[in-house]
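Proteins get letters first, then strands, A, B, ... in listed order; numbering begins at 1 in each.
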There are 2 protein chains.
Amino acid sequence: MMSNLEFAPPKYAQIVQAIQTRIEDGTYPVGTMLPSEARLVREFGSGRSTVVRALQILSMQGWIEREHGRGSFVKGVPAHGAERSHAGASAFDAPENAGDTTVTAAGRAAAPAVVAEALNVPENSPLIRRQRVILDEGSPSELVTLWFPLDIASGTDLGDTGVIAIGAREHLQALKQVRPARITERLSARLATVEERRLLATEEGAPVLAILATVLNAENAPIAVADIVLPGDLHELEDSYPAT
Amino acid sequence: MMSNLEFAPPKYAQIVQAIQTRIEDGTYPVGTMLPSEARLVREFGSGRSTVVRALQILSMQGWIEREHGRGSFVKGVPAHGAERSHAGASAFDAPENAGDTTVTAAGRAAAPAVVAEALNVPENSPLIRRQRVILDEGSPSELVTLWFPLDIASGTDLGDTGVIAIGAREHLQALKQVRPARITERLSARLATVEERRLLATEEGAPVLAILATVLNAENAPIAVADIVLPGDLHELEDSYPAT
DNA sequence: GACGACCACTCGTCCGATCAAGTGAGTGTC
DNA sequence: GACACTCACTTGATCGGACGAGTGGTCGTC
């Protein structure tokens with residue numbers, strides 16, 4: 001009408017936008033009831049179906065809550081996804097030439113029990129192990145051990161002692177048809193082992209955060225495992241998520 | 001028709017379900033085109049609006065992709081968000097009469113340094129403390145201490161020693177205008193304190209997972225703090241997320 | 001062969017109507 | 001006061017139609 005080249009978003013989207021704005025700027029305070037569908041129909045001059053569609057979108061996105069027979073109520077600005085430190089993902093993405101990283105081992109090694117279980121192979125099976133220590137201000141602050149099945153690591157540099165300048169994930173993706181889809185982490189507190197105390201230079205009886213991260217492909221088959229050990233007195237993991 | 005007391009989900013939800021199942025079991029392989037809206041209308045014997053509504057839901061949830069003029073195409077089973085044990089949220093939601101829970105303390109107490117910092121009050125300020133031990137098969141497996149500012153806890157039963165049969169969050173929401181919006185957790189490994197060893201009946205030098213969870217309202221002001229202590233040899237936290 | 005008109009098929013949006021069902025306040029009876 | 005009833009108001013589900021617009025093919029013309 002007014003213009004011929006103007007792009008107008010669909011009506012239902014305009015309504016969504018308008019209500020979002022009003023929630024954000026406090027016109028519709030949290031906890032209060034939204035105008036009823038009938039009112040909104042009058043205000044926006046559209047059919048009820050259109051208003052309902054907008055409200056359903058807002059409801060699915062978490063802005064409002066709709067209660068049969070009572071009305072629609074403002075829930076607030078949807079606090080989006082959770083923020084968390086993904087120690088596992090970082091272990092596979094971090095290049096070895098960044099910061100103070102020292103590769104302490106690379107090559108074949110027998111699978112310890114927990115790693116074998118995670119990779120679904122017999123204990124003591126030969127695997128490719130790649131271990132590094134990360135220093136923070138000169139002192140060891142993190143011990144990361146990556147474990148790969150032989151067939152996955154073959155044809156890559158993962159078993160060589162040289163420094164790999166990109167992350168293990170990228171390295172794998174570039175050289176093989178390996179596509180990580182999901183990572184699961186298991187986290188626990190325990191005392192450092194003798195070997196860990198040596199590499200991390202901590203005292204006897206020192207508690208550590210131990211994270212065992214398993215990388216899975218789309219078929220839920222394990223691709224690799226990262227064993228991450230953090231001295232308890234040096235690390236805190238943060239996690240933040242919406243309260244329902 | 002067939003029955004009078006049977007509960008039937010709405011038609012659009014049935015269609016959503018049916019299509020999800022067909023995607024999961026390979027009837028509609030990934031990448032292929034879904035039957036057109038008109039076909040689905042015939043198959044399910046419903047109006048087009050109903051079919052479209054189902055398809056829009058599937059599209060918003062990431063199962064399919066709709067292309068104007070071409071059709072709807074299968075994207076796959078949506079790799080959902082992260083799965084994680086939210087120890088903090090559970091601490092506030094768990095009722096005290098469930099399982100083997102013992103309330104070991106309830107009433108005023110001075111704020112320890114970390115709690116004071118999280119609640120943004122001076123150290124040693126008076127707070128309401130509520131502490132419980134959860135037994136697993138007879139032995140202590142979890143120590144939860146909830147801390148509330150006085151003004152938030154006033155008028156509630158949180159400072160009384162009686163058992164509260166619903167979660168603290170529900171209790172608060174029922175009695176006060178308190179709306180939790182977000183929870184942040186800080187997790188670390190350390191050795192159990194003397195007090196913790198007494199309540200959890202663990203030995204000296206035992207490592208624990210310590211989680212400090214802060215509940216924030218929509219304005220990011222702290223409402224409460226949960227201090228959760230898990231003996232390291234009894235607990236593992238799981239976390240799973242898309243690798244992207 | 002290149003081009004364009006046409007057409008069948010697809011999804012995108014919007015409307016207004018109907019019936020159902022949940023909620024809460026008010027009203028009247030016992 | 002307790003209870004049942006009514007009624008206004010709310011959202012929930014579904015329908016069928018209408019029009020618009022993007023896609024990709026056929027087909028005829030040049």
Note to self: For the CD atom on Gln17(B), are there more than 12 heavy atoms of other groups (residues, nucleotides or ligands in this structure) within a distance under 6.0 Å?
What the structure shows: no
Checklist line | CD/Glu24(B): more than 12 non-hydrogen atoms of other groups inside 6.0 Å | finding: yes
Next item on the list: Enumerate the residues from residues 49-69 of chain A whose closest heavy atom to DNA chain C is under 4.0 Å, giving them by residue number; use none for an empty result.
Entry: Ser49(A), Thr50(A), Arg53(A), His68(A), Gly69(A)
Notebook entry, point to check: Got a sec? Which of residues 36-44 of chain B come in under 4.0 Å of DNA chain C, heavy atoms?
Noted result: Ser36(B), Glu37(B)
Margin query: Please identify the 5'-most and 3'-most nucleotides of DNA chain D with any atom under 4.0 angstrom from a heavy atom of chain B.
Written below: dA13(D) to dG24(D)
Item checked: N/O (side chain, Ser72(B)) to phosphate O (OP1/OP2, dT10(C)) under 4.0 Å -> no
Check: Taking OP1 and OP2 of dG24(C), is either one under 4.0 Å from a side-chain nitrogen or oxygen of Arg70(A)?
Finding: yes
Donor-acceptor under 3.5 Å ([X] side chain, [Y] main chain):
X: Arg130(B); Y: Asp160(B); value: yes
X: His171(B); Y: Asp157(B); value: yes
X: Gln131(B); Y: Leu143(B); value: no

Checklist line | Minimum heavy-atom distance Ser188(B)-His235(A), with the two atoms named | finding: CB-O, 3.7 Å
Next item on the list: State the CG-CG distance between Leu209(A) and Leu237(B), to the nearest 0.5 angstrom.
Entry: 9.5 Å
Note to self: The criterion is side chain to side chain donor-acceptor pair (under 3.5 Å); which residues satisfy it with Asp25(A), sequence neighbours excluded?
What the structure shows: Thr27(A)
Notebook entry, point to check: For Arg66(A) and Leu58(A), what are the C-alpha separation, side-chain angles and deciding distance, and is it a side-chain contact (heavy atoms from CB on, under 4.5 Å)?
Noted result: CA-CA 10 Å; Arg66(A) 285 163 63 71; Leu58(A) 287 167; over 6 Å; no
Next item on the list: Walk me through it: do Glu96(B) and Thr101(B) pass the test side chain to side chain donor-acceptor pair (under 3.5 Å)?
Entry: CA-CA 6 Å; Glu96(B) 287 169 356; Thr101(B) 302; over 6 Å; no
Item checked: Consecutive-pair stems (3 or more, Watson-Crick or G-U, under 3.5 Å) for DNA chain C -> C:1-30 with D:1-30
Next item on the list: Before giving the answer on side-chain contact (heavy atoms from CB on, under 4.5 Å), spell out for Leu187(A) and Leu187(B) the whole-Å C-alpha distance, their side-chain angles and the decisive distance to 0.1 Å.
Entry: CA-CA 10 Å; Leu187(A) 184 152; Leu187(B) 185 151; 3.7 Å; yes
Note to self: Taking the side chain as everything from C-beta on, heavy atoms only, tell me whether Ile64(B) gets closer than 4.5 Å to Ile23(B).
What the structure shows: yes
Enumerate donor-acceptor pairs with a distance under 3.5 Å from any side-chain N or O in residues 48-57 of chain B to protein atoms, sequence neighbours excluded.
{"residue": "Arg48(B)", "atom": "NH1", "partner": "Glu37(B)", "partner atom": "OE1", "Å": "2.1"}

